[in-house]
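See structure below.
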Amino acid sequence: MDYLNLPTAALHQWAIDLFLAMGSSQREAMLTADHLVGANLAGHDSHGIGMVPRYVLSWQVGELQLNQHATIVQDSGSMLTVDGGRGMGQAVTQEAMALAIERAAAHGVCVMGLRHAHHLGRVGHWAEQAVAAGMVSVHFVNAVSFPVVAPHGGSEARIVTNPFTVGIPVPGQAPILLDFATSAIAMGKVRVAHNKKLPLPPNSVLDNQGRPSQDPGVIFPAPGTARGALLPFAGHKGYALAMVCELLGAALTGGETTRPANLKMQHGIWNNMLAIVFDPARLGTADLFSAEVQEYVDWVRSARLAEGSEEILLPGEPEQRSRQARRESIPVDSETVAQLDEAALRVRQAQGTAPGPASALA
Ligand code: NAD
């Protein structure tokens with residue numbers, strides 16, 4: 001596989017400079033770069049720097065709006081509906097989550113619906129924002145873009161990869177972080193496999209005739225050819241969870257569901273999210289909680305290992321390890337680097353200024 005090792009700090013600065021050149025405020029440019037490079041650091045290249053070319057295209061056609069703020073549209077104290085104004089998801093979601101955390105600190109719990117955000121990236125990032133404030137948070141998210149996931153029992157796409165996420169702070173220990181797409185494979189991982197020309201895992205996609213395939217090209221077909229579909233994870237269970245994400249994350253928050261009438265965008269990806277944020281200390285169990293977690297985790301880890309497995313991990317551990325491994329540099333496949341170079345060129349042509357090619361950072 002062909003890739004370049006890009007120094008983490010230089011890549012972060014490159015992203016800041018690109019968003020500044022597009023017209024983002026310093027704050028927005030910084031939050032977006034932190035988030036995207038943070039996703040690469042966490043090992044989720046699908047939601048990392050490789051999203052930049054799509055954001056640039058979305059901005060150029062007037063879909064991604066820069067420098068928006070999260071606006072409260074409904075407020076009953078512990079329940080909030082917030083509108084993201086199609087703004088940069090990394091900036092408006094940070095504000096929406098800050099509001100939810102503030103309300104959870106005041107009332108013990110906050111149910112916050114965020115609608116009309118542009119792509120809000122790796123949802124685990126938002127759970128981590130809540131966890132850093134000592135809060136548990138649960139996130140039901142829908143993504144609005146061309147449908148890519150077939151419902152269980154169907155062979156045509158009707159859903160996007162709707163992520164579900166839970167962050168649990170554990171005093172004195174690393175937090176537990178569950179954060180995944182409800183498809184058998186995240187769409188961004190299909191893009192990465194397509195760029196790297198690698199096959200997909202079995203049982204993750206169907207071709208446009210509804211037949212099982214491992215070719216990422218069935219999801220990125222030549223113009224004029226019908227697209228295949230990703231499968232939900234765990235059959236009916238993943239599909240059922242994706243449906244709940246769509247209905248709670250979008251239909252209930254006033255956001256749009258992924259159906260033809262709502263799919264007018266060319267390059268944009270909208271996200272809508274229902275977040276339930278609460279202060280676990282209010283349950284009065286804090287003294288027992290850490291010890292109970294430790295005892296339970298020890299018991300779980302004591303299970304005999306499966307053949308070929310070296311250890312039993314906790315949700316959140318792969319991301320912690322990846323951050324250590326990628327502290328200095330991030331491997332980015334050459335196709336993605338070429339797309340980053342092209343994105344910088346587009347911004348330069350549009351704005352007269354932009355950072356140099358990302359490939360020059362290697
Ligand atoms: P994934 O399949 O890599 O699963 C990640 C989750 O599984 C994490 O919680 C991780 O800690 C846990 N995990 C991984 N290996 C483990 C192990 N061996 N033992 C225990 N736990 C383990 O994730 P994914 O489905 O590819 O999703 C990647 C990212 O994509 C997520 O951050 C998600 O939020 C994001 N996403 C965003 C959107 C959007 O519209 N914004 C859509 C889909 C996905």
Side-chain angles (χ1 to χ4, degrees), residues 32 35-36 38-48 50-51 54-55 58 64 84 88-90 92-93 97 114-129 131 137-149 159-168 174-193 200-201 203-205 219 230-234 238 241-242 245-246 249-250 255-258 265 268-275 297 300-301 303 305-306 308-323:
T32 312
H35 184 117
L36 294 177
N40 289 111
L41 284 169
H44 293 291
D45 295 337
S46 53
H47 288 71
M51 289 305 298
R54 179 111 184 234
Y55 290 6
S58 177
L64 165 60
M88 187 74 93
Q90 286 76 3
V92 295
T93 312
M97 283 302 298
L114 168 65
R115 67 191 189 203
H116 304 151
H118 194 262
H119 189 242
L120 53 71
R122 177 181 164 260
V123 184
H125 189 93
W126 309 118
E128 284 160 0
Q129 184 179 345
V131 161
S137 68
V138 182
H139 305 250
F140 299 90
V141 180
N142 95 322
V144 191
S145 178
F146 59 88
V148 284
V149 182
I159 323 166
V160 186
T161 54
N162 294 354
F164 174 68
T165 301
V166 181
I168 309 174
I176 300 294
L177 186 72
L178 176 166
D179 174 34
F180 51 59
T182 48
S183 48
I185 181 168
M187 182 60 185
K189 285 181 177 151
V190 181
R191 168 176 50 79
V192 172
L200 298 173
N203 306 319
S204 51
V205 299
I219 305 297
L230 313 188
L231 288 166
F233 84 93
L241 186 54
C245 287
E246 192 78 20
E256 54 288 271
T257 55
T258 291
M265 73 290 276
I269 315 173
W270 316 138
N271 274 135
N272 303 288
M273 172 172 86
L274 186 84
V297 165
V300 167
R301 287 200 207 265
L305 292 178
S309 162
E310 288 176 4
E311 58 186 333
I312 293 168
L313 298 176
L314 297 179
E317 273 186 316
E319 287 76 10
Q320 293 154 27
R321 290 184 182 188
S322 174
R323 286 187 187 109

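For clarity, every value in this text was computed on a predicted model and none was experimentally measured. First listed ligand is number 1; within each ligand, the first listed atom is number 1.
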Could you check [atom] against the protein and tell me its nearest heavy-atom contact, residue, atom and distance included?
atom                    : result
atom 36 (N) of ligand 1 : H47 NE2, 3.1 Å
atom 8 (C) of ligand 1  : E319 OE2, 3.3 Å
atom 40 (O) of ligand 1 : N271 ND2, 3.0 Å
atom 5 (C) of ligand 1  : D179 O, 3.2 Å
atom 17 (C) of ligand 1 : L313 CB, 4.1 Å
atom 16 (C) of ligand 1 : P318 CG, 3.7 Å
atom 28 (C) of ligand 1 : H44 ND1, 3.4 Å

Hey, could you give me the [atom1]/[atom2] distance between [X] and [Y], rounded to the nearest 0.5 Å?
X    : Y    : atom1 : atom2 : result
M51  : Q90  : CE    : CD    : 8.5 Å
N272 : L120 : CG    : CG    : 8.5 Å
F180 : T165 : CZ    : OG1   : 8.0 Å
H125 : E319 : NE2   : CD    : 13.5 Å
N142 : T161 : CG    : OG1   : 10.0 Å
H119 : S145 : NE2   : OG    : 9.0 Å

[X]: numbered ligand 1 atoms lying under 4.0 Å from its heavy atoms:
X    : value
G121 : 37 (C), 39 (C), 41 (N)
P315 : 11 (O), 20 (C), 21 (N)
H119 : 39 (C), 41 (N)
A143 : 40 (O)

For [X], is at least one N or O under 3.5 Å away from an N or O on ligand 1?
X    : value
A181 : yes
G316 : yes
E317 : no
N162 : no
T161 : no
P163 : no
S46  : no

(request) Could you tell me which non-hydrogen atom of A275 sits nearest to which non-hydrogen atom of H139, and how far apart they are? (result) CB-ND1, 3.9 Å
(request) Taking all non-hydrogen atoms of both residues into account, name the closest pair between N40 and D45 and its distance. (result) ND2-OD1, 2.9 Å
(message) Please report whether atom 3 (O) of ligand 1 has a protein non-hydrogen atom at a separation of less than 4.0 Å.
(response) yes
(message) Take a 6.0 Å sphere around CD of E311 and say whether it holds more than 12 heavy atoms from other residues, nucleotides or ligands.
(response) yes
Mark yes or no for whether [X], through its side chain, and [Y], through its backbone, hold a donor-acceptor pair below 3.5 Å.
X    : Y    : answer
H35  : R122 : yes
T93  : G89  : yes
T182 : P163 : no

Ligand 1-proximal atoms of [X], by part, heavy-atom distance under 4.0 Å:
X    : value
V123 : both
K189 : side chain
L177 : backbone

(request) State, with a plain yes or no, whether a side-chain heavy atom of R191 is found less than 4.5 Å away from one of M187. (result) no
